[in-house]
Participant: 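This structure is in structure tokens; I'll ask about it shortly.
Keep in mind that the numbers below use all heavy atoms, side chains included, and drop hydrogens, waters and symmetry copies.
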There are 2 protein chains.
Amino acid sequence: ELFEALVAHFTPKRLAGQRVLITAGPTFEAIDPVRGITNRSSGKMGFAIAQAAQRAGAEVTLVAGPVHLPTPAGVRRIDVQSALQMRDAVLAALPGQTLFIATAAVADWRPAVCAEHKIKKDGSGTTPTLAFSENPDILATVAARPDAPYCVGFAAESEKLLEHAQAKRARKGVPLIVANLGPATFGQDDNALLLVDAEGARELPRASKTALAAQLIEEIARRLNARQA
Amino acid sequence: ELFEALVAHFTPKRLAGQRVLITAGPTFEAIDPVRGITNRSSGKMGFAIAQAAQRAGAEVTLVAGPVHLPTPAGVRRIDVQSALQMRDAVLAALPGQTLFIATAAVADWRPAVCAEHKIKKDGSGTTPTLAFSENPDILATVAARPDAPYCVGFAAESEKLLEHAQAKRARKGVPLIVANLGPATFGQDDNALLLVDAEGARELPRASKTALAAQLIEEIARRLNARQA
């Protein structure tokens with residue numbers, strides 16, 4: 001606690017007066033009462049960003065999928081499981097927010113039907129097939145609102161980082177996309193980020209997620225302050 | 001450590017001389033480099049049983065799916081992700097084991113194909129479908145071997161506990177099945193167990209997973225010692 005207080009004290013208050021809403025972690029999309037689809041996101045990057053934003057003076061709300069991480073000091077946390085629950089929690093918390101950072105690895109699809117009881121092998125050797133429904137796009141939904149805060153999206157890709165990030169930025173209608181190599185960094189303690197905005201692309205080289213989160217908050221604060229000036 | 005040493009010291013050594021192989025946790029079946037199918041098993045029951053068996057004097061090997069739990073003192077741990085990896089780790093560790101306790105919530109099916117790159121939304125609004133392949137039945141595979149140790153299976157069910165446990169016992173060809181209400185107990189710190197063997201059914205009433213694990217080890221030791229006598 002003393003360490004946290006010291007770090008917070010010496011962090012420039014670049015987000016003073018800002019209210020920041022952050023999503024983090026994977027979602028869990030139920031197949032039946034026991035099984036579900038999830039992804040390898042550990043939530044570490046999102047939790048580090050929440051902590052960095054709080055240290056920079058913001059009032060931070062963190063909507064978290066199922067992860068095993070402690071809540072950063074001074075951050076309000078709301079736990080959810082599915083993409084639909086995350087969407088509802090984000091929209092409920094949205095009024096008054098000035099910055100939205102969507103780091104969560106939200107499932108694009110959920111099973112079209114969630115079975116009431118555990119799906120059993122029937123001994124015939126035939127295997128089930130699973131049909132999907134598309135989940136709502138939380139970031140695009142928020143960005144399209146008339147009262148939208150400044151929106152930052154994340155893209156976890158296994159290839160063609162810049163290309164996918166630029167396409168995602170256009171598709172979601174947000175000013176800034178932060179791309180990283182998902183499969184290589186999920187669960188790891190360090191990462192490297194590629195910031196893609198209207199000006200072009202800028203890399204934050206490999207570092208601990210804590211250090212990267214502080215740098216990213218500086219980058220976001222500069223853009224946010226320019227917009228609000 | 002002192003506490004652990006004291007508890008171990010005062011635990012009757014009912015499994016002295018036994019070599020116990022235990023599986024625990026869920027498996028993770030990859031859909032693509034980012035996504036996968038898993039289940040709500042936390043691994044707590046299996047880890048508690050590994051600890052209880054070690055305290056009872058056994059030499060314990062624990063094959064664990066992806067969980068966030070510390071390794072019990074004195075237990076050898078092997079981490080795996082998928083059902084196929086768990087099967088391979090179990091078969092490699094099997095020679096010389098006298099008791100096999102399969103608590104892991106192994107996926108019945110895995111995606112028939114694991115995509116090389118992350119599956120993307122193509123903007124058409126059409127959703128993917130997923131076909132499955134049946135996973136190997138690790139417990140039945142072990143039980144069918146000529147050198148099979150005494151085998152204990154677990155059944156996590158959402159309904160009809162006794163009926164499903166009896167059917168599973170016959171299907172897997174094992175002397176003892178331990179049933180519990182999966183969706184109600186996954187991730188919880190307590191549980192209740194129903195032991196189903198050739199004699200009938202016996203309930204271990206709701207208690208902490210640590211207490212239940214010690215009782216279960218007593219029950220298993222009695223059956224194992226009777227068989228070896």
Participant: Can you list the residues of residues 103-110 of chain A that sit under 4.5 Å from chain B, counting heavy atoms only?
Facilitator: A:Asp108, A:Trp109
Participant: Please test A:Lys118 against B:His164 for side chain to side chain contact (heavy atoms under 4.5 Å, CB included), starting from the C-alpha separation and ending with a verdict.
Facilitator: CA-CA 12 Å; A:Lys118 184 182 172 190; B:His164 283 316; over 6 Å; no
Participant: Between CG of B:Asn39 and CD1 of A:Ile37, what distance do you get to the nearest 0.5 Å?
Facilitator: 12.5 Å
Participant: Measuring heavy-atom distances to chain A, does B:Ile31 have an atom under 4.5 Å in its side chain, in its backbone, in both, or in neither?
Facilitator: side chain
Participant: Under 4.5 Å from any heavy atom of chain B, what part of A:His68 do you find: side chain, backbone, both or neither?
Facilitator: side chain
Participant: Among B:Glu29, B:His117, B:Glu134, B:Arg35, who wins on heavy-atom pairs under 4.5 Å with chain A?
Facilitator: B:His117
Participant: Looking at chain B, which one of A:Ser133, A:Pro26, A:Gly36, A:Ala131 has the largest number of heavy-atom pairs inside 4.5 Å, strictly under?
Facilitator: A:Gly36
Participant: What's the shortest heavy-atom distance between B:Pro33 and A:Arg40, and which atoms?
Facilitator: O-NE, 3.3 Å
Participant: Taking the side chain as every heavy atom from C-beta outward, state whether A:Thr129 and B:Thr129 have any atom pair closer than 4.5 Å.
Facilitator: no
Participant: Quick one: pull up OG1 in A:Thr127 and CG in B:Leu130 and give me the separation to the nearest 0.5 Å.
Facilitator: 10.0 Å
Participant: Distance check, rounded to the nearest 0.5 Å: A:Glu159 atom CD versus B:Glu116 atom CD?
Facilitator: 8.0 Å
